[in-house]
Amino acid sequence: MTETTHEAAVATGAEAAVRPAPVPAPAPRPARLRRAVTPWLFLLAPLTLLIVFTYAPIANMVAYSFTDWDGVSPELHYTGTENYTELFTRPDLFEVFWVSGYYLAASVVQIVAALYFATILSFNVRFRNFFKGVLFFPYLINGVAIGFVFLYFFQDGGTLDSVLGLLGVETDRAWLGTPESANTSLAAVSVWRYLGLNFVLFLGAIQSIPGELYEAAELDGASRWHQFRYIIAPGIRPVLSLAVILSVSGSLAVFEIPYIMTGGATGTETFVIQTVKLAFQFNKTGLASAAAVVLLLIVLAVTWVQRRLVPDDKVDLA
């Protein structure tokens with residue numbers, strides 16, 4: 001090869017190296033349209049179900065709250081804000097919120113206990129799978145069945161009195177006979193039932209923390225308490241915030257257990273039980289709808305305040 005030919009080849013190679021790659025031709029319009037529509041086709045079914053069974057009933061509830069509908073008659077009349085005025089001018093309709101204080105206190109106990117068991121069982125302990133099942137099992141039981149079981153558990157001469165008698169503790173206390181003992185007993189049932197849910201949430205969050213952090217902490221001589229304080233607690237902060245939101249909203253909307261066990265008697269009536277009675281016992285569906293809207297707004301406001309006080313920042317343990 002001559003020198004001139006070699007230089008020409010080098011020049012040609014250099015031009016090829018700096019020449020930009022060819023731009024691919026745009027996809028045909030039907031293909032682009034198909035790619036744009038495909039995700040919405042997958043979302044069509046869940047969005048339809050969400051609108052039909054969630055947002056449409058909420059819209060109807062808000063509309064009924066401005067009427068005097070009794071839930072039976074085909075006719076209803078627009079009454080403006082009369083239901084909301086009655087709701088906020090009758091103190092007895094809001095006094096039932098004091099009952100939520102028992103469940104709010106119980107939710108604190110529930111979160112602390114769930115976090116304790118999740119932390120213990122996240123380490124290598126004997127029979128941990130067995131204890132995981134024991135803690136989560138109550139959450140799988142139907143709420144109606146739980147209500148009937150504990151109704152016999154707390155009745156006079158029932159299971160609780162029999163167990164206390166075997167331990168040498170004699171009691172003639174009516175566990176569901178006074179507002180204080182009844183609400184405390186019902187709150188304890190809610191702790192027993194929902195402990196497993198928070199336990200699973202916390203356990204999953206703890207197990208998602210990289211194991212290298214625990215190994216490094218053990219090499220540095222960190223105790224279990226220090227591992228919890230500096231690794232586990234910061235690592236599960238988003239899940240802990242979610243558990244608090246669920247607990248607070250659940251405390252305000254308690255219904256199943258007290259309705260089955262006491263029917264709202266003995267000072268155990270909650271806001272939701274009162275709303276159900278307004279709608280189906282006193283045929284005041286319009287007023288009950290207004291109460292449900294107020295409860296929804298309270299839960300949203302509490303959630304917003306909690307999110308503002310404890311923002312869900314990104315966790316970085318590295």
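Heavy-atom basis, side chains included; hydrogens, waters and symmetry copies ignored.
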Inset, instruction - Give the minimum heavy-atom separation between Tyr102 and Ala187, together with the two atoms involved. - result: O-CB, 3.8 Å
Legend entry - Contact check, side chains of Leu176 and Leu151, non-hydrogen atoms, under 4.5 Å: yes
Inset, instruction - Examine Leu203 and Ile120 and state if one hydrophobic cluster contains both, with Ile, Leu, Val, Met, Phe, Trp and Tyr joined whenever side-chain heavy atoms are less than 4.5 Å apart. - result: yes
Inset, instruction - Answer yes or no: are there more than 12 heavy-atom neighbours, outside Phe123 itself, under 6.0 Å from its atom CZ? - result: yes
Inset, instruction - State, yes or no, whether a side-chain contact exists between Val248 and Ser251 at a heavy-atom distance under 4.5 Å. - result: no
Legend entry - ring pair (Phe, Tyr, Trp, His ring centres under 6.0 Å) involving Phe136 - partner list, sequence neighbours excluded: Tyr139
Inset, instruction - Starting at OG of Ser241, measure out to CG of Leu246 and round the result to the nearest 0.5 Å. - result: 9.5 Å
Legend entry - Rounded distance (nearest 0.5 Å) linking atom CE of Met261 with atom CD1 of Ile146: 10.5 Å
Inset, instruction - In sequence, state the C-alpha distance, the side-chain angles, and the governing distance for Leu121 and Leu135, and then conclude on side-chain contact (heavy atoms from CB on, under 4.5 Å). - result: CA-CA 11 Å; Leu121 295 179; Leu135 290 171; 3.9 Å; yes
Inset, instruction - For atom OH of Tyr259, decide whether the heavy atoms of other residues, nucleotides or ligands shown that lie under 6.0 angstrom number more than 12. - result: no
Inset, instruction - Please round to the nearest 0.5 Å and tell me the distance separating atom CD1 of Ile232 and atom CH2 of Trp225. - result: 10.5 Å
Legend entry - Residue pair Ile236 / Leu201, side-chain heavy-atom distance below 4.5 Å: no
Inset, instruction - Would you please indicate if the ring centroids of Phe127 and Phe130 are separated by under 6.0 Å? - result: no
Inset, instruction - Quick one: which residue pairs count as a side-chain hydrogen bond (donor to acceptor under 3.5 Å, both in side chains) with a foot in residues 190-203, not counting sequence neighbours? - result: Arg193-Glu256
Legend entry - Within one Ile-Leu-Val-Met-Phe-Trp-Tyr cluster: Leu104 and Val191, side-chain cutoff 4.5 Å: no
Inset, instruction - Just do the side-chain hydrogen bond (donor to acceptor under 3.5 Å, both in side chains) check on Trp175 and Asp156 with the steps written out, would you? - result: CA-CA 8 Å; Trp175 300 102; Asp156 296 340; over 6 Å; no
Legend entry - Donor-acceptor contact present, side-chain Asp68 to main-chain His77, <3.5 Å: yes
Inset, instruction - Please name the pair of heavy atoms, one in Ala182 and one in Thr268, separated by the smallest distance, quoted to 0.1 Å. - result: CB-CG2, 3.6 Å
Can you list, pair by pair, the side-chain donor-acceptor contacts under 3.5 Å of residues 280-304, counting residues two or more places apart and other chains?
{"from": "Thr285", "atom 1": "OG1", "to": "Asp70", "atom 2": "O", "distance (Å)": "3.3"}
{"from": "Thr285", "atom 1": "OG1", "to": "Gly71", "atom 2": "N", "distance (Å)": "3.2"}
{"from": "Ser289", "atom 1": "OG", "to": "Thr285", "atom 2": "O", "distance (Å)": "2.8"}
{"from": "Thr303", "atom 1": "OG1", "to": "Val299", "atom 2": "O", "distance (Å)": "2.8"}

Legend entry - Test item: Trp69 side-chain N/O and Ser73 main-chain N/O as donor-acceptor pair under 3.5 Å: yes
Legend entry - Reported CG-to-OG1 distance for the pair Leu44 and Thr48, which is rounded to 0.5 angstrom: 4.0 Å
Legend entry - Pairs where residues 263-283 contributes a residue and the test salt bridge (Lys or Arg N to Asp or Glu O under 4.0 Å) is met, not counting sequence neighbours: Glu269-Lys277
Legend entry - Same cluster (ILVMFWY, side-chain, under 4.5 Å), Tyr64 and Met61: no
Legend entry - Chi angles and distances behind the side-chain contact (heavy atoms from CB on, under 4.5 Å) call for Lys132, Phe199: CA-CA 9 Å; Lys132 289 177 184 178; Phe199 165 75; 3.8 Å; yes
Inset, instruction - Indicate yes or no: at least one non-hydrogen side-chain atom of Phe117 is less than 4.5 angstrom from one of Phe131. - result: no
Inset, instruction - Locate the shortest heavy-atom distance separating Phe137 from Ile141; write the atom from each residue and the value. - result: CE2-CD1, 3.5 Å
Legend entry - Common cluster, Leu195/Leu140, ILVMFWY with side-chain heavy-atom separation under 4.5 Å: yes
Inset, instruction - State, with a plain yes or no, whether a side-chain heavy atom of Ile273 is found less than 4.5 Å away from one of Phe255. - result: yes
Show me the donor-acceptor pairs, under 3.5 Å and distance only, between side chains in residues 215-223 and residues at least two apart or in other chains.
{"from": "Ser223", "atom 1": "OG", "to": "His226", "atom 2": "N", "distance (Å)": "3.4"}
{"from": "Ser223", "atom 1": "OG", "to": "His226", "atom 2": "ND1", "distance (Å)": "2.7"}

Legend entry - Residue pair Gly235 / Pro238: nearest heavy atoms and the distance that separates them: O-CD, 4.1 Å
Inset, instruction - Evaluate side-chain contact (heavy atoms from CB on, under 4.5 Å) for Phe150 paired with Leu186, printing each intermediate quantity in order. - result: CA-CA 9 Å; Phe150 278 94; Leu186 296 177; over 6 Å; no
Inset, instruction - Please name the pair of heavy atoms, one in Ala205 and one in Val239, separated by the smallest distance, quoted to 0.1 Å. - result: CB-CG2, 3.6 Å
Legend entry - Modelled atom types, side-chain donor and acceptor of Ser122 and Gln207, under 3.5 Å: no
Inset, instruction - Rounded to the nearest 0.5 Å, what's the gap from OG1 on Thr266 to CD on Glu180? Could you check? - result: 11.0 Å
Inset, instruction - Would you name the heavy atoms of Val272 and Leu252 that are closest together and state the gap between them? - result: CG2-O, 4.3 Å
Legend entry - Side-chain heavy atoms of Phe154 within contact of Val189, under 4.5 Å: yes
Inset, instruction - Test Thr270 against Val96 for side-chain contact (heavy atoms from CB on, under 4.5 Å), laying out the working first. - result: CA-CA 5 Å; Thr270 63; Val96 292; 5.8 Å; no
Legend entry - Distance (rounded to the nearest 0.5 Å) between Tyr103 OH and Ser247 OG: 14.5 Å
Legend entry - Within one Ile-Leu-Val-Met-Phe-Trp-Tyr cluster: Val125 and Val134, side-chain cutoff 4.5 Å: yes
If you look only at distance, which donor and acceptor atoms sit under 3.5 Å apart when one is on a side chain in residues 80-95 and the other is two or more places apart or in another chain?
{"from": "Asn83", "atom 1": "ND2", "to": "Ser65", "atom 2": "O", "distance (Å)": "2.8"}
{"from": "Asn83", "atom 1": "ND2", "to": "Thr67", "atom 2": "O", "distance (Å)": "2.7"}
{"from": "Tyr84", "atom 1": "OH", "to": "Ser65", "atom 2": "OG", "distance (Å)": "2.8"}
{"from": "Thr85", "atom 1": "OG1", "to": "Thr81", "atom 2": "O", "distance (Å)": "2.9"}
{"from": "Glu86", "atom 1": "OE2", "to": "Arg90", "atom 2": "NH1", "distance (Å)": "2.9"}
{"from": "Thr89", "atom 1": "OG1", "to": "Thr85", "atom 2": "O", "distance (Å)": "2.6"}
{"from": "Thr89", "atom 1": "OG1", "to": "Glu86", "atom 2": "O", "distance (Å)": "3.4"}
{"from": "Arg90", "atom 1": "NH2", "to": "Asp92", "atom 2": "OD2", "distance (Å)": "3.2"}

Inset, instruction - For Ser162 and Thr159, run side-chain hydrogen bond (donor to acceptor under 3.5 Å, both in side chains): C-alpha distance rounded to whole Å, both residues' side-chain angles, the deciding distance at 0.1 Å, then the answer. - result: CA-CA 5 Å; Ser162 300; Thr159 306; over 6 Å; no
